[in-house]
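Take a look at the structure set out below.
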Amino acid sequence: MKKILILSALFMGISTVMFSQKNEFKISVQHGYFNAGKAFDRVVPGKNTGLDISYFLTNHFFLTGHFNFGKSDYYETSMTKFPDDRLYRRKGSDLWTNTELIINNIGLMAGYFQPIGKFVNLSGQIGFSQFICTSSQFPLRIVWADDEDLSYRMSNADNTRYSAAFPVKFSLGVTPFKRMNIGIARNLEIAYVLGFYMEPDYTFFTGIYHGPQLSISF
């Protein structure tokens, strides 16, 4: 069922692009804060990196191919404990954690763009994505080597889960060079974004991120 929904959305998106009125692309790169959400215990926020490729159908409506990578640490109580299990505290945090969490999202969003001045705009997007959540416990567990007595090598204990999510993203952007005749710079947009994922298996606000975004239109 999930594959059918994705294929249907891609077909609709391609069909819509063929009959679009504006024919404008925008590439956006975002980096900043990432928090895995309340579904995870003792979360220590990390960093987020995102890449969006948007296609404007009209002056207001657009479609976006969305990719996002976020990383946090947290305390996992359900993973198997090994003899060398220890806890880790990141500098600047009072929370002890034992697991690294990486959340990837690849999906499609539909958005609405609204200018609120000559150089300022607002936009909001919502869609669906493939939600990939990988947790790796640390420190690494002991695995005895076959070729050496009383020695060991280290191996990760990874757990990856796949599910569907509904990405939501808002941005406030400025185009400071829009009215200047200085080449490609007039197509630059500097924005601040806020996003999260509605993931039914976890919580409503999963993978919360925010930070600066740089975009270019062509």
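For clarity, every value in this text was computed on a predicted model and none was experimentally measured.
- The minimum heavy-atom distance between N121 and V174, with the atom names listed, is ND2-N, 4.5 Å.
- Residue N48 is tested with K71, H31, Q30 for a side chain to side chain donor-acceptor pair (under 3.5 Å); the sole match is Q30.
- For the atom pair CD1 of I208 and OG1 of T203, the computed distance is 7.0 Å after rounding to the nearest 0.5 Å.
- Both F25 and L57 belong to a common hydrophobic cluster when Ile, Leu, Val, Met, Phe, Trp and Tyr are linked at side-chain heavy-atom distances under 4.5 angstrom.
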Check the pair Y192, H210 against side-chain contact (heavy atoms from CB on, under 4.5 Å), reporting the backbone distance first and the verdict last.
CA-CA 7 Å; Y192 201 89; H210 62 82; 2.8 Å; yes
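- In this structure F34 satisfies the ring pair (Phe, Tyr, Trp, His ring centres under 6.0 Å) test with no other residue, sequence neighbours excluded.
- The heavy-atom pair separating P176 from I190 by the smallest distance is CG-CD1, 4.5 Å.
- Between F113 and F56, the ring center distance clears the sub-6.0 Å criterion.
- For the residue pair Q213/D52, the side-chain donor-acceptor check at 3.5 Å is not satisfied.
- Counting heavy atoms from C-beta outward, V120 and L172 have side chains that approach closer than 4.5 Å.
- Under the 4.5 Å side-chain criterion, counting only non-hydrogen atoms from C-beta, V168 is not in contact with F166.
- Remark: aromatic rings of F205 and F196 are close, center separation under 6.0 Å.
- Side-chain atoms of N159 and R161, non-hydrogen and from C-beta on, do get closer than 4.5 Å to each other.
- Using cut-offs of 30° and 60° on the angle between ring planes, the pair H66 and Y197 is tilted.
- By the criterion of side-chain heavy atoms lying less than 4.5 angstrom apart, applied directly or through intervening Ile, Leu, Val, Met, Phe, Trp or Tyr residues, V43 is grouped together with Y209 in one hydrophobic cluster.
- One hydrophobic cluster, built from ILVMFWY side chains closer than 4.5 Å, cannot hold both F61 and L122; they sit in different ones.
- The two residues A165 and E199 make their nearest non-hydrogen contact at CB-CG, 3.9 Å.
- The OG atom of S217 sits 5.5 Å away from atom NZ of K26, with the distance rounded to the nearest 0.5 Å.
- I53 places none of its side-chain heavy atoms less than 4.5 Å from the side chain of F67.
- Residue L101 comes nearest to A36 through the heavy atom pair CD2-CB, 3.3 Å, listed as atom of the first residue, atom of the second, then distance.
- For F69, the CZ atom counts as densely surrounded, since its 6.0 Å shell holds more than 12 non-hydrogen atoms of other residues, nucleotides or ligands.
- The nearest pair of heavy atoms linking T97 to Y74 is CB-O, 3.3 Å.
- Between S136 and E100, the side chains place no donor N or O within less than 3.5 Å of an acceptor N or O (distance only, hydrogens not considered).
- For Y75 and F40, the gap between ring centers reaches or exceeds 6.0 Å.
- In this structure H60 satisfies the side chain to side chain contact (heavy atoms under 4.5 Å, CB included) test together with T58, Y112, Q114, P115, sequence neighbours excluded.
- Counting only N and O atoms by type, the side chains of S129 and N105 include a donor and acceptor under 3.5 Å apart.
- Looking only at side-chain heavy atoms (C-beta outward), S54 and L63 stay at 4.5 Å or farther from each other.
- Note that the CD1 atom of I27 and the OG1 atom of T64 stand 11.5 Å from one another [nearest 0.5 Å].
- With a 4.5 Å cut-off on side-chain heavy atoms, Y202 and F131 count as touching.
- For the pair S72 and P45, the tightest heavy-atom approach, listed with the atom from each and the gap, is OG-CA, 4.0 Å.
- In this structure, a donor-acceptor pair under 3.5 Å is absent between the side chains of E76 and S135.
- Residues M198 and F170 fall within the same hydrophobic cluster, defined by Ile, Leu, Val, Met, Phe, Trp and Tyr side chains chained together at heavy-atom separations under 4.5 Å.
- Once rounded to the nearest 0.5 Å, the distance linking CD1 of I103 with CG of N68 reads 9.5 Å.
- Contact check for F204 versus K38: no side-chain heavy atoms found under the 4.5 Å cut-off.
- With hydrogens and angles disregarded, a donor-acceptor distance shorter than 3.5 Å links the side chain of R42 to the backbone of W96.
- Put simply, NZ on K47 and OG1 on T49 are 9.5 Å apart, with the number rounded to the nearest 0.5 Å.
- Side-chain atoms of S171 and S123 include a donor-acceptor pair closer than 3.5 Å.
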